[in-house]
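Have a look at the structure below before the remarks.
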Protein chains: 2
Amino acid sequence: MVLTERRATILGLVVREYVQTAEPVSSKALVDRRGLDVSSATVRNEMARLEDEGYITHPHTSAGRIPSDLGYRTYVQSLMAEEPVGVDEQRTITHQLHQVAGALDEWLSLTATILAGAVGNVAVVTRPRTVTAGRLRHLQLVELNPDTALLVAVMDDGRLRQRLVPLRMPATQAQLQDRAARLNARLAAMDGAGARALAAEMADTDEASIVRETAELIEEHRGAEETYLDGLSRALRQPEFADPDRMLDAVARLQAYRLRSLLEGAADAQPGETRVVIGNELAADEMQDWSVVIARYGDSDAAGTVAVVGPTRMAYERTIPRVRYIASLMGQLLRDMR
Amino acid sequence: MVLTERRATILGLVVREYVQTAEPVSSKALVDRRGLDVSSATVRNEMARLEDEGYITHPHTSAGRIPSDLGYRTYVQSLMAEEPVGVDEQRTITHQLHQVAGALDEWLSLTATILAGAVGNVAVVTRPRTVTAGRLRHLQLVELNPDTALLVAVMDDGRLRQRLVPLRMPATQAQLQDRAARLNARLAAMDGAGARALAAEMADTDEASIVRETAELIEEHRGAEETYLDGLSRALRQPEFADPDRMLDAVARLQAYRLRSLLEGAADAQPGETRVVIGNELAADEMQDWSVVIARYGDSDAAGTVAVVGPTRMAYERTIPRVRYIASLMGQLLRDMR
DNA sequence: TGTTAGCACTCTCGGGGAGAGAGTGCTAAC
DNA sequence: GTTAGCACTCTCTCCCCGAGAGTGCTAACA
């Protein structure tokens, strides 16, 4: 059964009104506040049909309607008009972003803060990862004391990893420098397995153990995903968290490391594409009240994720374009960096 | 007016009982559950005196007593018997800690998690900083593409900082290497001001701009404090946060960057010393319901902070020795690293 | 003089209406 | 197909009341 035009209008109004007020929407409220030119009785009839078809529900008999997940989905898919990011807002955002150009991690964390502020929900940003994700670009050895050196690895996604390595033979900085240069020649662009293989075929010297440590660093790096999150305390002010149990639940759930499963859903998305996952569409059973708006940024060389996480009652028409905008900005900045 | 022995006993019992139950403590409860061998009427008399002297208070006429900040202070100072960290607990902790030896940042974040788990409150750990805090140990240049290099600075506290530098003259990795070696000779152990002065007296070349960027990195690094925090969602389960407003307030307040003022109070503490700051002793007016147990770890070369933050109703006898134990472990590990 | 039993008093907390209000679904008329 | 009217349902809030917990005071006792 396809939605008649009027029912679609009413559904749209129900969603907008509910998103704004967080109260079940009555037929009368729609007529009075949204200027429908039919009577509330007609609206009630239509609402009953919408409920039959699964777009809205009833918390109890004498309450207004709230959108179901299907209702939100339909709204996002075909009823909503996106609210574009205004010129002023664009200017503010780019201005804030350019404050810290140069240091990727500060820049990512700032992006999460800006996005969270723009949409009033929790924002998550992941550091861009290269497709190969885990090849060495360069390594360096720094003398700390006669029998310890600091091994610094620059990975192909521009991230650094460090580790202390004990030296059996004391070495000066100049000697370490030479050694690093030699190893760079052999290890450049290698992945963990390659480095491991190389270490295996070397004699048991300090150099072999450095190669072994490097292999470990590379593999460690492959698995590590760095996420930046902000906006929690503001998101918790929303009425869905008025109950302390729910609030506690949200806090526990939004620990960065638990978000991964939420973000995985968009791993295959193309940069430029923005996905919306609503309520029961989320794989995680215990997150049925949540929605995620998610986009990938970057290009075929290196890509990361930007997302907004919040209750299903979310201002999708604001959130979606803002996630998209931030993602495109980040893609641009990432290109500029190279 | 000095506390009589019996009043001291009663105060101690009130604190212990209240910490355990989170309910105001009645005279009857003390006699029944804590085995005092006087009548509840006598206890009531003593409680009235304790209240006159400011050690305990009354939420309302017909409720039991709860400790005041002075009551907790007295308890911590002279009534409490510390609950030592058991052998099993020690083993568990050291075992967990040794899982990640080698990578300082993972190790710090794990420490926060372990401590939070051990005391059931929020734990905060800061990365050790050197006293000079902001001298360069070593710099390195890595070629990214013909006109950009990655500047990697190893700071004297072992932390890395990176920045992209544009090159006017394209350079190969080998050339960059030479350049880095030359600059290292001139910049070694310099602070930000020194590097800045050096840049000023150099001709306007790529090298000068690298030195300038390095100066900025050093100064940036000086100001940066890295804090690791864990245990929030567990701490929020305590009854003091049953009210959603209070919970929200706590979440907003415990954002890592707001904790600095709390931790500053112990900046002058010696490693080995554990400080307790209770309620109104905290400088921050809006944190009067909170207590902080704090210790410094490290030595005269490099030191950081370990702290537990929670409601004034805190199991001090458990928390204090655990903070101290973790701090001493960290000091040890830090020594081993060098 | 310190301790204790007894008792009146105070305050909170939870449950149980009761009434107001909001909103629906249905019916009948237009 | 639309609408007015109306009975009905359900929640929400307020208020009241009784139970219970705990105190402070007084007077008796050791």
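Just so we're on the same page: letters track the sequence lines, and every chain starts at 1.
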_Counterpart base for D:dG22, defined by Watson-Crick or G-U wobble contacts under 3.5 Å_ = C:dC9
*Choosing from D:dT3, D:dT23, C:dT4, which nucleotide comes nearest the side chain of A:S39?*
D:dT3
*asked:* Does a side-chain N or O of A:T42 approach OP1 or OP2 of D:dG1 to a distance below 4.0 Å, or not?
replied: no
*Atom CG in A:L232, atom CZ in A:F241: separation rounded to 0.5 Å?*
8.5 Å
*Base-pairing mate for C:dA28 - Watson-Crick or G-U, with both contacts under 3.5 Å*: D:dT3
*Candidate nucleotides D:dG24, C:dT4, C:dT24, ranked by approach to the side chain of A:R44 - the nearest*: C:dT24
*Out of D:dT3, D:dT23, C:dT4, which has the shortest distance to the side chain of B:S26?*
D:dT23
*Hey, is A:R296 close enough to A:E273 for a salt bridge, meaning N to O under 4.0 Å?*
no
*Below 4.0 angstrom from OP1 or OP2 of C:dT10, is there any side-chain N or O of B:T61?*
no
*Has B:R6 got a side-chain N or O lying under 4.0 Å from the OP1 or OP2 atom of C:dT3?*
yes
_Position toward the 5' end of DNA chain C (nearest nucleotide), B:H60 or B:S40_ = B:S40
*Counterpart base for D:dT13, defined by Watson-Crick or G-U wobble contacts under 3.5 Å*: C:dA18
*May I have the distance from B:N45 (atom CG) to C:dT4 (atom P), rounded to whole angstrom?*
10 Å
*Would you indicate what B:A41 reaches in the nucleic acid, counting non-hydrogen atoms under 4.0 angstrom: base, sugar-phosphate, or nothing?*
base
Extract from the structure each pairing of a protein N or O with an N or O of nucleotides 15-20 of chain D at less than 3.5 Å, listing the distance.
none

_The side chain of A:H58 is closest to which nucleotide in this list: D:dT3, C:dT24, C:dT10?_
C:dT24
*Rounded distance in Å - CD (A:E46) to P (D:dT2)*: 7 Å
*Over how many whole Å does the gap from B:E17 atom CD to D:dG22 atom C1' extend?*
15 Å
